[in-house]
Amino acid sequence: MTAAPGAQQFAAVDVIRTKRDRGELSDAQIDWVVDAYTRGAVAEEQMSALAMAVLLNGMTRRETSRWTAAMIDSGSRLDFTDLPRPSVDKHSTGGVGDKTTLPLAPLVAACGAAVPQLSGRGLGHTGGTLDKLEAVPGWRAALTLEEIRRQLLDVGAVICAATGDLAPADRKLYALRDVTATVEAVPLIASSIMSKKIAEGTSALVLDVKTGSGAFMTELAQSQELARAMVDLGTDAGVRTVALITDMSTPLGCTAGNALEVRESVEVLAGGGPADLVELTLVLAREMLAAVGLDAVDPADALADGRAMDAWRAMIAAQGGDPDAALPTARDTHVVLAPADGVLAEVDAMAVGVAAWRLGAGRSRREEAVQAGAGVELHAVRGDAVRAGQPLLTLHTDTPDRFAWALQALEGGIAVVPAGQAPTPPPLVHGRVTA
Ligand code: URA
């Protein structure tokens, strides 16, 4: 839908005015403005004004679908329809300790689907999948298109960096939204995420939309609105899409930090691991398999009999990683003890995420390096009975002068209350959104 030479041109100021005055943008206006902005023919200040008008006045489903299509058309689109297995992907809106992609991709591959998982790095308090996998000695994130295809044929799962040419309009627009207080516009978030996922060429998509303190959307109603917008966009683009809304008020599993999360993912693949992480992995695997007609296969069997672990080892080795190598550990640790007998009533996701980030597990600027061994390890989870003086969590870092800063982040985020006074924890899955 790139404007062909001689195609109708518009004045950016008219497009902005239409949205400012609560009008609907036409398909041609949307195609033009996204293309012209990507080429540099619409100025940054004009796109800022338009993004703010969208934040304030919204976009209809038609407008958002067209906007998404225009962003996809700004780059190339992968195509896996010729693979012998059906392709299906999962996208999480991000959360603390959310390492689900790591066990999930090989698990779903072991059940017969192809999982092309193009991922990103972390920014802020939630970790990035590529940062986590780079803790595995030798593993490399950058693959060519040919390598991705080969690995999908041989192994069935690939987790790698998105190629530079997927929805370049989004890269430019996202950077602009970041500095103009327009990230929060639901149509812009939904089209940003879905343009990249649809361009990736998957035939089906399962969305894990997080809700709670450690999530991008903290309120359930906002998460539901985002899930609905994304499911509609996937459906309009011909991708079978379903969303689960899952809890992110407390960390997922017992670790937040790159190598710590890889270790825990391998525990799941070995048939162990924390109950919530295992449950979410299986719930998402069942959704992914059902979306491509493989619902007769039970992913719990593939976890129990070692097929998922075999697929993990093959996936890591195919990208130069050594699945048997020891994972890096941080040089220093600090243990936080329970202050009293009682029940661990609160382990706040945001507090743990910020602590892990301050310990060096995350970055605040794109070019920063992360510490592979840094992070937070929980020894008890929300709802557990604890005794005064027992270890509650261990902080890991290579730079021990960060401990005080990380401990500050945890203040008010961890609470032990007398037995019987702990509130009922929320469910792991809050809801499901379908076409
Ligand atoms: N993640 C994205 O990729 N885009 C957004 O707009 C927000 C989160």
Side-chain angles (χ1 to χ4, degrees), residues 34 37-38 44 47-48 50-56 58-59 63-65 67-72 74-75 77 89-96 98 100-101 116-131 159-200 202 205-219 222-234 237 239 241 243 245-246 248 349-350 353 357 362-364 366:
V34 171
Y37 173 64
T38 311
E44 297 287 344
M47 189 49 110
S48 313
L50 181 56
M52 186 58 81
V54 169
L55 180 127
L56 296 172
M59 285 205 285
E63 287 177 295
T64 316
S65 284
W67 187 278
T68 306
M71 296 223 290
I72 294 168
S74 71
R77 191 170 171 161
D89 191 11
K90 186 258 333 185
H91 176 79
S92 161
T93 56
V96 178
D98 184 11
T100 321
T101 295
Q117 175 88 50
L118 274 51
S119 299
R121 294 175 196 285
L123 194 62
H125 75 280
T126 61
T129 299
L130 301 183
D131 296 321
I159 303 174
C160 66
T163 63
D165 196 31
L166 282 190
D170 174 64
R171 218 176 8 264
K172 196 169 173 198
L173 182 55
Y174 192 40
L176 179 72
R177 287 165 55 214
D178 210 21
V179 293
T180 55
T182 52
V183 167
E184 291 85 350
V186 167
L188 296 182
I189 301 170
S191 57
S192 165
I193 293 173
M194 293 301 287
S195 61
K196 289 173 284 199
K197 282 287 142 182
I198 296 166
E200 189 184 286
T202 184
L205 180 62
V206 175
L207 299 164
D208 181 2
V209 180
K210 301 287 185 194
T211 195
S213 74
F216 185 56
M217 292 289 185
T218 55
E219 301 301 320
Q222 294 175 317
S223 307
Q224 283 165 332
E225 187 188 349
L226 179 61
R228 167 51 58 206
M230 291 199 292
V231 168
D232 287 349
L233 288 180
V239 176
T241 309
I245 299 172
T246 72
M248 189 29 69
M350 182 56 123
W357 171 70
R363 56 171 73 75
S364 45
R366 271 180 212 287

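One-based numbering, in listed order, for ligands and for the atoms of each. Both backbone and side-chain heavy atoms feed into the values below; hydrogens, waters and symmetry mates do not.
A donor-acceptor pair shorter than 3.5 Å can be found between the side chains of Asp98 and Ser92.
In this structure, Lys197 pairs ionically with Asp89, as a charged nitrogen and a carboxylate oxygen lie closer than 4.0 Å.
Screening residues 178-194 for salt bridge (charged side-chain N to carboxylate O under 4.0 Å, His left out), with sequence neighbours left out, gives no hits.
Between Trp67 and Ser191, the shortest heavy-atom distance links the atoms CD1-OG, 3.5 Å. Smallest separation of non-hydrogen atoms from Ala229 and Val186: CB-CG1, 4.0 Å.
Summarising the geometry, atom NZ belonging to Lys210 is positioned 13.0 Å from atom CG belonging to Leu226; distances are rounded to the nearest 0.5 Å.
Around ligand 1, the residues contributing at least one heavy atom under 4.0 Å from the ligand are Tyr174, Arg177, Ile189, Ser192, Ile193, Lys196, Phe216.
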